[in-house]
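What you see is a predicted model, and the numbers here were worked out from it, not measured in a lab. Note that ligands are numbered from 1 as they come in the structure, with each ligand's atoms numbered from 1 the same way.
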Amino acid sequence: MALIVQKFGGTSVGSVERIEQVAEKVKKFREAGNDLVIVLSAMSGETNRLIELARQISDQPLPRELDVILSTGEQVTIGLLAMALNKRGVPAVSYTGSQVRILTDSAHTKARILQIDDQKIRADLKAGRVVVVAGFQGVDEHGNITTLGRGGSDTTGVALAAALKADECQIYTDVDGVYTTDPRVVAQAQRLEKITFEEMLEMASLGSKVLQIRAVEFAGKYNVPLRVLHSFKEGPGTLITIDEEESMEQPIISGIAFNRDEAKLTIRGVPDTPGVAFKILGPISATNIEVDMIVQNVAHDNTTDFTFTVHRNDFTAAQTVLENTAREIGAREVVGDTKIAKVSIVGVGMRSHAGVASRMFESLAKENINILMISTSEIKVSVVIEEKYLELAVRSLHTAFELDAPARQGE
Ligand code: ADP
Ligand code: ASP
Ligand code: MG
């Protein structure tokens with residue numbers, strides 16, 4: 001008899017019919033003798049709808065009130081599933097984040113989990129009940145409702161699995177595992193049997209939204225066995241593992257991630273004096289804007305150009321700050337570009353292979369795709385390109401690194 005935490009995403013609970021289907025599935029696991037904690041998302045589209053409602057009242061909704069509104073989406077699905085289970089003769093009880101007491105910090109809309117009280121859940125499990133918990137939400141020490149950031153139900157699932165020392169955390173979604181890249185963009189993408197925490201963390205932070213970054217961080221830190229599976233199709237899914245040895249057999253690149261969330265800013269004609277980078281980025285970070293990639297050109301004529309990327313949502317604010325800085329330090333101009341995309345290749349196999357980056361650049365050159373920025377780490381290479389080439393870039397890299405699925409017969 002195992003203790004399993006199962007998380008079902010938005011499309012998997014997107015209608016009453018789907019919720020009934022989830023109930024059937026949970027019932028089977030229960031009848032097989034497992035103890036079950038179920039974590040649910042809101043119905044697909046619901047969180048966006050709630051954000052839109054708040055925006056109709058104010059462009060900048062008060063974060064505390066926004067969390068009160070956003071947390072309702074998950075409260076609906078947990079109640080419905082608990083009813084659907086009881087209807088099937090499976091005793092079940094639902095709890096919101098604050099009822100369990102998932103204690104978080106007070107950073108509304110992006111709160112971090114600090115502690116989980118497992119007493120109530122353990123008592124229910126002992127009494128033979130399935131426990132259904134609202135994902136994506138918690139409560140701070142003052143009793144305010146908080147949410148964990150978009151996609152945060154994954155993190156609730158993993159954090160509960162860690163707190164309860166569950167045998168496995170299963171993330172059920174609308175794809176049957178983690179793929180070499182987003183299967184919606186590359187039809188030849190292949191499901192991975194396994195991927196290491198380290199690679200999954202890079203994939204998630206570089207744009208693969210199949211798992212929330214914090215969920216992967218948590219799973220790695222507390223060594224939670226984590227698996228991504230399809231909600232309604234049988235299959236082994238993808239295991240996220242610490243076991244790097246066996247993955248060495250795999251190709252050099254495990255996956256390709258991409259995102260369209262960034263924008264690029266360049267300050268030109270900056271007098272090349274010591275402390276320039278600080279003068280430029282200091283005021284940006286003082287405004288709480290996170291910077292991702294940075295490039296400073298070699299100086300000529302005693303001036304230099306300095307380019308960096310920020311989240312697209314922060315573009316206008318960053319541009320204003322940078323224009324002020326340009327005036328203060330006597331730089332020539334500030335230019336911005338929001339139509340960029342970042343494409344990254346990820347794989348622990350890179351550690352033991354040379355020439356991976358040049359193979360990437362060669363493949364992009366063949367497609368006449370200009371690289372605007374580059375950054376590398378031990379297990380990833382990222383490039384910034386024009387957004388219009390994104391899909392072409394991902395497809396050509398997928399082929400160049402031999403990740404394409406073999407063509408099926410008759411296709
Ligand atoms: P849920 O609502 O179940 O949390 P998400 O939409 O958050 O589902 O995540 C699943 C989606 O992630 C898939 O439909 C797929 O389009 C996308 N995705 C992006 N990158 C990958 C990848 N490498 N492997 C699998 N799915 C991916
Ligand atoms: N409902 C939330 C969202 O759409 C959390 C989640 O689904 O994981 O982001
Ligand atoms: Mg998700």
For [atom], what's the nearest protein heavy atom and its distance?
{"atom": "atom 14 (O) of ligand 1", "result": "Arg184 NH2, 2.5 Å"}
{"atom": "atom 7 (O) of ligand 1", "result": "Lys209 O, 3.5 Å"}
{"atom": "atom 23 (N) of ligand 1", "result": "Tyr179 O, 3.0 Å"}
{"atom": "atom 1 (P) of ligand 1", "result": "Thr173 OG1, 3.5 Å"}
{"atom": "atom 2 (O) of ligand 1", "result": "Gly10 N, 3.1 Å"}
{"atom": "atom 9 (O) of ligand 2", "result": "Arg150 NE, 2.7 Å"}
{"atom": "atom 13 (C) of ligand 1", "result": "Asp174 OD1, 3.5 Å"}
{"atom": "atom 27 (C) of ligand 1", "result": "Val210 CB, 3.7 Å"}

So, [X] and [Y]: side-chain donor and acceptor under 3.5 Å apart, yes or no?
{"X": "Thr399", "Y": "Asp404", "answer": "yes"}
{"X": "Thr180", "Y": "His398", "answer": "yes"}
{"X": "Asn48", "Y": "Arg150", "answer": "yes"}
{"X": "Tyr389", "Y": "Asn368", "answer": "no"}
{"X": "Thr147", "Y": "Asp67", "answer": "yes"}
{"X": "Gln137", "Y": "Ser71", "answer": "no"}
{"X": "Glu199", "Y": "Ser254", "answer": "yes"}

Report yes or no: does a heavy atom of Gly9 sit under 4.0 Å from some atom of ligand 2?
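Contact absent.
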Sub-4.0 Å heavy-atom contact, Gly151 with ligand 2:
yes
Is the closest heavy atom of [X] to ligand 1 under 4.0 Å?
{"X": "Ser231", "value": "no"}
{"X": "Pro183", "value": "yes"}
{"X": "Lys7", "value": "yes"}

Tell me which one of Ser208, Gly9, Ala215, Gly177 gets a heavy atom nearest to atom 25 (C) of ligand 1.
Gly177
Given Gly157, Ser41, Ala42, identify the one with the heavy atom nearest to atom 7 (O) of ligand 2.
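Looking at heavy atoms only, Ser41 sits closest to atom 7 (O) of ligand 2.
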Could you tell me how the ring of Phe29 sits relative to the ring of Tyr172: parallel (under 30°), tilted (30 to 60°) or perpendicular (over 60°)?
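Perpendicular, since the angle between the ring planes exceeds 60°.
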Any chance you could measure Ile340, atom CD1, to Lys264, atom NZ, to the nearest 0.5 Å?
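Output value for this atom pair is 6.5 Å.
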Under 4.0 Å from a heavy atom of Glu74: give me the atoms of ligand 2 that qualify, with their elements.
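Heavy-atom distances to Glu74 below 4.0 Å select 1 (N), 2 (C), 5 (C).
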Can you sort out which atoms of ligand 2 are near Ser153, meaning under 4.0 Å from one of its heavy atoms?
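Matching atoms, with element in brackets: 5 (C), 6 (C), 7 (O), 8 (O).
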Taking the side chain as every heavy atom from C-beta outward, state whether Lys7 and Ser41 have any atom pair closer than 4.5 Å.
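Of all side-chain heavy-atom pairs linking Ser41 with Lys7, at least one is under 4.5 Å.
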Between [Y] and [X], does any NZ, NE, NH1 or NH2 come within less than 4.0 Å of an OD or OE carboxylate oxygen?
{"X": "Glu378", "Y": "Arg351", "answer": "yes"}
{"X": "Arg49", "Y": "Glu46", "answer": "yes"}
{"X": "Lys28", "Y": "Glu24", "answer": "no"}

What do we get for Asp182 next to ligand 1 when only non-hydrogen atoms under 4.0 Å count, side chain, backbone, both or neither?
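Both backbone and side chain of Asp182 come within 4.0 Å of ligand 1.
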For ligand 1, the portion of Thr181 having any non-hydrogen atom under 4.0 Å away:
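The part of Thr181 near ligand 1 is the backbone, not the side chain.
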At a 4.0 Å threshold, what atoms of ligand 1 neighbour a non-hydrogen atom of Val178?
24 (N)
How about atom 20 (N) of ligand 1: does it have a protein heavy atom within less than 4.0 Å?
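Within 4.0 Å of atom 20 (N) of ligand 1, protein heavy atoms are found.
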